[in-house]
Protein chains: 2
Amino acid sequence: MRRIADSTVRRLSLYLRFLEESTNRGLVTISSDELARRGGTTSAQVRKDLSFFGSFGKRGLGYSVPELTESLREILGLRRDWQVIIVGAGKIGTALAQYRGFRQRGFRVTAVYDRDPKKIGTRWDALTVRDMAEIERDIQKEHPDIAVLTTPAEEAQVVVDRLVSAGMRALLNFAPIQLQVPPDVTLKNVNMAMELEGLSFALTNRDR
Amino acid sequence: MRRIADSTVRRLSLYLRFLEESTNRGLVTISSDELARRGGTTSAQVRKDLSFFGSFGKRGLGYSVPELTESLREILGLRRDWQVIIVGAGKIGTALAQYRGFRQRGFRVTAVYDRDPKKIGTRWDALTVRDMAEIERDIQKEHPDIAVLTTPAEEAQVVVDRLVSAGMRALLNFAPIQLQVPPDVTLKNVNMAMELEGLSFALTNRDR
DNA sequence: GGCGGCTTGTGAAATCATTCACAAGTTATC
DNA sequence: GATAACTTGTGAATGATTTCACAAGCCGCC
Ligand SMILES: NC(=O)c1ccc[n+]([C@@H]2O[C@H](COP(=O)([O-])OP(=O)(O)OC[C@H]3O[C@@H](n4cnc5c(N)ncnc54)[C@H](O)[C@@H]3O)[C@@H](O)[C@H]2O)c1
Ligand SMILES: NC(=O)c1ccc[n+]([C@@H]2O[C@H](COP(=O)([O-])OP(=O)(O)OC[C@H]3O[C@@H](n4cnc5c(N)ncnc54)[C@H](O)[C@@H]3O)[C@@H](O)[C@H]2O)c1
């Protein structure tokens, strides 16, 4: 398979959300044009994105909402649940651990870790904050799929190195720092300061 | 000025962070090559990014850390503080309002809004949660620069429409929904579900 | 079963972003 | 002040992504 651009994958994720909405509204078919309008893109883009993976529509008609939904779930690897662990039980880690939207989309938070003795043992819902000292053993035993990093920036690289040597291969980092990982590890960053600076740039350079 | 790509602006933001680190380590000059290595890019990319805005280095030497820092601050519009309001005092809104990293980078959270009577009036630090009913009046009076959206997805579009008609021109949205805004409004999205789905795709389609 | 109105799937073209490659400038050294 | 060792700034080349444009296929209707 040809390498798929990151931008394509992000759009597939959007399309899937629109399809789920469309199901809720009882729509049975949808055209590339409708899909495009909701995502702020073009119908040609939608069709090209899908064409990397096969041919899912009917000419003259459009796409079957349930069929395309299923195909996108398949493509994105969402026909199974994923086990997610959260490392760093601070303000943002806590908010994420309690967020119900992830579970709804098939991402189950199965453990939260911290190294602060005051936090270890705290419970929310079904989760208890575990001791960071146990993380390697737990990973080897429970094989979580994805680790979310919510420690302070100074700690993030050290923690990542531990996670990677324990076997983690997919990471979502919230610390505002550029982490180094080996090439077989997939790393995504959520960097809010960078987004705000993007807004600052846009406000400053308006109408140039 | 030629239109600047979003990817360029994001990298400038990264470079700025490395420069600040370099200042802390007492470095006086830095080469495009060092800047590139920390950001996972190439030295040609760094020089090209900067060249859109002028010429900041000395051939044979590199860039003066304090001078380039100052130039990037200028380019990104960071020589001033920005007033930020947060709309939706739920789990994620609260985490963001209390986050000290924003203030450190010149983004001052000056107000938080909610429509739930149980939340209105709550205080953290110097902030009191205000009544959503007052937001239009406050915006006209206080002219905040950036609004961060942390309401449930169902409410997000309605809230955005209110913010935009009250005069907001820069928005950072956390709700997992694609918002419609007029062309003179800059909108950025932080969509964690999309990032997780990107990881799911990567894990599923490894080594193809 | 043929026609008109739609919509997909996809090469080709156009646009946009990154990388290459090198002249030109800087510093240090002798 | 000539030489060597570096490093920038930037056109040109390459590579990637998006848009165009249209043949091919489907449906409903007469
Ligand atoms: N809070 C926000 O809204 C926000 C926004 C953007 C980015 N971030 C980033 O997210 C990260 C966390 O922010 P926060 O506000 O939740 O901070 P926080 O201080 O509330 O939480 C950090 C937690 O990590 C734990 N920790 C520290 N070192 C650890 C280690 N080696 N192993 C395991 N746990 C460790 C701490 O005990 C603490 O509980 C930071 O990097 C921050 O910059 C936060
Ligand atoms: N919590 C997370 O970790 C997380 C992660 C990713 C995305 N999100 C998204 O962020 C948003 C907020 O999530 P949350 O977990 O903080 O939810 P929450 O329910 O804790 O908070 C939402 C808040 O918005 C307020 N609100 C509702 N309608 C409003 C309106 N019209 N005007 C003003 N305030 C209004 C509610 O009273 C509530 O306080 C959601 O869209 C969610 O999908 C949250």
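Predicted model only: the values in this text are computed from it and were never measured. All chains are named by letter (A, B, ...) in the order of the sequence lines, taking the proteins before the strands, and each is independently numbered beginning at 1.
Contact annotation: A/R11 side-chain N/O to D/dT18 OP1/OP2 distance is under 4.0 Å.
Interatomic distance, B/L149 CG to B/E155 CD, rounded to the nearest 0.5 Å: 10.5 Å.
One atom, CD of B/E67, and another, C1' of D/dT8, lie 14 Å apart when rounded to the nearest Å. Distance B/R59 CZ to D/dA5 C1': 16 Å, rounded to the nearest Å. Distance CZ (A/F56) to C1' (D/dG25): 18 Å, rounded to an integer number of Å. The nearest whole Å value for the distance from the CD atom in B/E34 to the C1' atom in D/dC6 is 12 Å. B/D33 places its CG atom 8 Å from the P atom of D/dT8, with the value rounded to the nearest Å. Atom CG in A/D6 sits about 13 Å away from atom C1' in D/dA16, given to the nearest Å. Spacing between atom CG of B/L61 and atom C1' of D/dT7 amounts to 8 Å, rounded to whole angstrom units. When the P atom of D/dA16 is taken as reference, atom NZ of A/K48 falls 15 Å away, rounded to whole Å.
Closest-nucleotide positions on DNA chain D for B/S32 and A/G60 were compared, and the one nearer the 5' end corresponds to B/S32.
Bounding nucleotides for the chain A contact on DNA chain C, 5' to 3', at a heavy-atom distance below 4.0 Å, are C/dC6 to C/dA12.
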When the side chains of residues 160-171 of chain B are checked against the rest of the protein, which donor-acceptor pairs come out under 3.5 Å, sequence neighbours left out?
residue	atom	partner	partner atom	Å
B/D161	OD1	B/Q157	NE2	2.9
B/R162	NE	B/E136	OE2	2.8
B/R162	NH2	B/M132	O	3.0
B/R162	NH2	B/E136	OE1	3.1
B/S165	OG	B/D161	O	2.7
B/R169	NE	B/D184	OD2	3.1
B/R169	NH1	B/V164	O	3.4

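Side-chain contact check for B/R206 and A/T186: at least one donor-acceptor pair (N or O, by modelled atom type) lies under 3.5 Å.
Under a 4.0 Å N-O distance rule, the pair B/R73/A/E197 does not qualify as a salt bridge. Under a 4.0 Å N-O distance rule, the pair A/R130/A/E142 qualifies as a salt bridge.
Not a single donor-acceptor pair under 3.5 Å links the side chain of A/D6 to the backbone N or O of A/R10.
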